[in-house]
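So the structure is just underneath, and the comments pick up after that.
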Amino acid sequence: MMSDHEPHLTLLESEFERVLDNYAHEASGGQNSTSENRSHTEELLRERARDRRFRQLLDALPAAVYTTDAAGRITFYNEAAVELWGCRPELGKSEWCGSWKLFWPDGTPLPHKNCPMAVALKEDRAVRGAEAIAERPDGTRVPFIPYPTPLHDGSGKLVGAVNMLVDITDRKRAEDQQALLVRELHHRVKNMLATVQAVMGSTARASTTMEEFQQAFTGRIMALARTHSSLAEDQWQAISTRNLLCNELDPYDDGSGRVQLNGPAVDVPATVAVPLSMAVHELTTNAAKYGALSVLGGSISVSWTLAGEADRRELAITWIERDGPAIEPPTRHGFGSQLLERVLKNQIGARVTILYKSEGLRARIVVPLPSERSPPTPLDSMGAA
């Protein structure tokens with residue numbers, strides 16, 4: 001019994017037979033078709049169907065793909081190739097590659113006749129491991145890796161080639177970023193060594209005994225390490241003012257209100273954070289040895305404000321010690337005094353005021369901050385103190 005869809009299937013088969021007969025009749029100049037030319041016609045139609053499916057497949061690929069004939073004339077390209085080239089080359093006339101201009105990775109011009117696709121066709125071999133840069137008509141450039149591969153017919157004769165162009169813009173950007181980070185690392189290591197050398201020299205000149213030198217030098221190096229650890233955890237290479245102060249004052253905060261911090265959220269860039277953290281370390285160390293943190297009941301209050309516009313900002317930090325032992329101005333200037341009075345001014349343009357009041361030391365540090373739109377910059381050396 002014939003199903004409902006079988007009449008439609010029979011009609012479709014009949015129509016296909018009719019098309020084959022007509023095609024064979026035209027191909028034989030009007031003569032009666034034979035089983036031989038009928039078979040040949042069927043093969044041609046199947047070949048054209050395979051070719052259509054092949055082109056549809058290439059068009060669907062996200063990678064740029066194009067084909068040429070044996071002479072290098074472009075016979076097909078997909079939309080991804082159009083996007084990479086930035087233009088639509090004329091089929092059958094444009095040769096070797098559809099890009100407007102080509103360059104080697106070092107920027108040297110690459111003639112189309114010498115491009116990897118041309119080499120693959122002229123030498124009848126697949127080319128691998130090459131890189132090139134395509135320039136679009138609008139001037140933008142795209143680095144890519146080509147994969148030209150010759151195509152042969154059933155007898156082994158060269159009939160053309162297919163090429164896939166892989167856009168490596170993201171990879172190149174990552175490589176450039178990695179190279180930048182390596183240069184930045186070298187720069188920072190060099191500056192850090194210079195800073196350590198400066199701290200060591202100044203600490204040695206201000207110390208009277210080896211034990212005093214060891215204690216002061218170790219404390220200052222640890223202060224540097226804490227600041228750099230905080231900076232390393234932040235992708236923008238900045239540290240908040242509160243965290244910078246807490247790195248030094250937290251060990252003395254017993255929860256009784258002995259250490260009070262008050263101020264808005266302000267991020268300090270690395271160029272400012274390193275010398276400023278050293279200054280906070282010196283103030284904290286001085287308070288622990290001679291000031292408010294050296295006796296029970298002594299306290300420290302640190303407040304900060306941010307003033308100015310986005311292009312001209314200033315961070316003002318006020319340090320006030322209370323209820324400590326009576327103090328007097330120092331008789332000699334050690335590393336801490338030099339850091340506060342000279343290094344901050346020379347390195348980051350800070351203005352520093354220190355008052356040795358009988359009730360406790362008071363310090364005010366006003367630091368210019370970079371523009372909010374300025375990109376992060378490498379750490380500058382503190383120089384010799």
When rounded to the nearest 0.5 Å, the distance separating CZ of R364 from CD1 of I317 is 10.0 Å
Interatomic distance, CZ@R258 vs CZ@R322, rounded to 0.5 Å, equals 14.5 Å
Closest heavy-atom pair, P62 versus A80, reported as atoms and distance to 0.1 Å, is O-CB, 3.3 Å
Apart from V127 itself, members of its ILVMFWY cluster (side-chain separation under 4.5 Å) are V119
Taken in chain and number order and not counting sequence neighbours, the residues that satisfy salt bridge (charged side-chain N to carboxylate O under 4.0 Å, His left out) with R351 are E314
Distance col, row S303:OG vs L245:CG, nearest 0.5 angstrom, shows 10.0 Å
Residue set satisfying side chain to side chain donor-acceptor pair (under 3.5 Å) with W319, at least two apart, ordered chain then number -> E321
For residues 148-168, the side-chain hydrogen bond (donor to acceptor under 3.5 Å, both in side chains) pairs (sequence neighbours left out) are Y66-N163, D124-H152, R128-T149, D153-S155, D167-T169
Residue set satisfying side chain to side chain donor-acceptor pair (under 3.5 Å) with N262, at least two apart, ordered chain then number -> none
The side chain to side chain donor-acceptor pair (under 3.5 Å) partners of R171 (sequence neighbours excluded) come to E131, E175
| query | Can V266 be reached from L276 by stepping across I, L, V, M, F, W or Y side chains whose heavy atoms are under 4.5 Å apart? | reply | yes
Quiz item: Taking the side chain from Q260 and the backbone from G257, do they hold a donor-acceptor pair closer than 3.5 Å?
Solution: yes
Residues P111 and P109: closest non-hydrogen pair is CD-O, 3.7 Å
Review point. Any chain of hydrophobic side-chain contacts (each under 4.5 Å) joining L84 to W104?
Key: yes
Got a list of side-chain donor-acceptor pairs under 3.5 Å for residues 284-291, not counting sequence neighbours?
from : atom 1 : to   : atom 2 : distance (Å)
T284 : OG1    : V280 : O      : 2.8
T285 : OG1    : H281 : O      : 2.8
T285 : OG1    : H281 : NE2    : 3.4

Shortest non-hydrogen pair, A63 vs N78, comes out as O-ND2, 2.9 Å
- Step by step, work out the side chain to side chain contact (heavy atoms under 4.5 Å, CB included) result for E248 and M278. CA-CA 10 Å; E248 296 298 328; M278 292 290 290; over 6 Å; no
Does any part of the side chain of Y147, heavy atoms only, come nearer than 4.5 Å to the side chain of I145, both counted from C-beta? yes
Checking side chain to side chain contact (heavy atoms under 4.5 Å, CB included) for the pair F76/V162: CA distance, chi angles, key distance, verdict?
CA-CA 9 Å; F76 168 82; V162 60; over 6 Å; no
Residues at least two apart in sequence or cross-chain that pass side chain to side chain donor-acceptor pair (under 3.5 Å) with T209, listed by chain then number, are none
Give the intermediate values and the outcome of side chain to side chain contact (heavy atoms under 4.5 Å, CB included) for residues L361 and L283. CA-CA 9 Å; L361 182 142; L283 288 170; 4.1 Å; yes
The reported gap from CD1 in I74 to CZ in R88 (rounded to nearest 0.5 angstrom) is 13.0 Å
Between P150 and L158 the two heavy atoms that sit nearest each other are CB-CD1, 3.7 Å
Name the atoms and distances for all side-chain donor-acceptor pairs under 3.5 Å in residues 93-102, with sequence neighbours left out.
from : atom 1 : to  : atom 2 : distance (Å)
S94  : OG     : E90 : N      : 3.2
S94  : OG     : E90 : O      : 3.4

**Prompt:** Can you check whether T271 reaches I348 side chain to side chain, under 4.5 Å on heavy atoms?
**Reply:** no
Can you tell me if NZ on K113 sees more than 12 non-hydrogen neighbours from other groups inside 6.0 Å?
no
Is there a path from W85 to L110 through hydrophobic residues (I, L, V, M, F, W, Y) whose side chains come within less than 4.5 Å of each other?
yes
- Query: Can you tell me if D323 uses its side chain to pair, donor with acceptor, with the backbone of V295 under 3.5 Å?
  - Reply: no
Please answer: with hydrophobic residues joined when any side-chain heavy atoms are less than 4.5 Å apart, are L293 and I354 in the same cluster?
yes
Output for pair (I239 CD1, L244 CG), nearest 0.5 Å, gives 5.0 Å
Rounding to 0.5 Å, atoms CG (L121) and OG1 (T68) come to a distance of 4.0 Å
Item to complete: Determine, using the 4.5 Å side-chain heavy-atom cutoff (strictly less than), whether V268 and V367 are members of one ILVMFWY cluster.
Response: yes
Grouping ILVMFWY residues whenever side-chain heavy atoms fall under 4.5 Å, the cluster of F103 otherwise contains I133
Review point. So, does R136 use its side chain to make a donor-acceptor pair with the main chain of C87 at under 3.5 Å?
Key: no
Residue set satisfying salt bridge (charged side-chain N to carboxylate O under 4.0 Å, His left out) with E83, at least two apart, ordered chain then number -> none
Salt bridge (charged side-chain N to carboxylate O under 4.0 Å, His left out) filter on D170, not counting sequence neighbours, yields R173
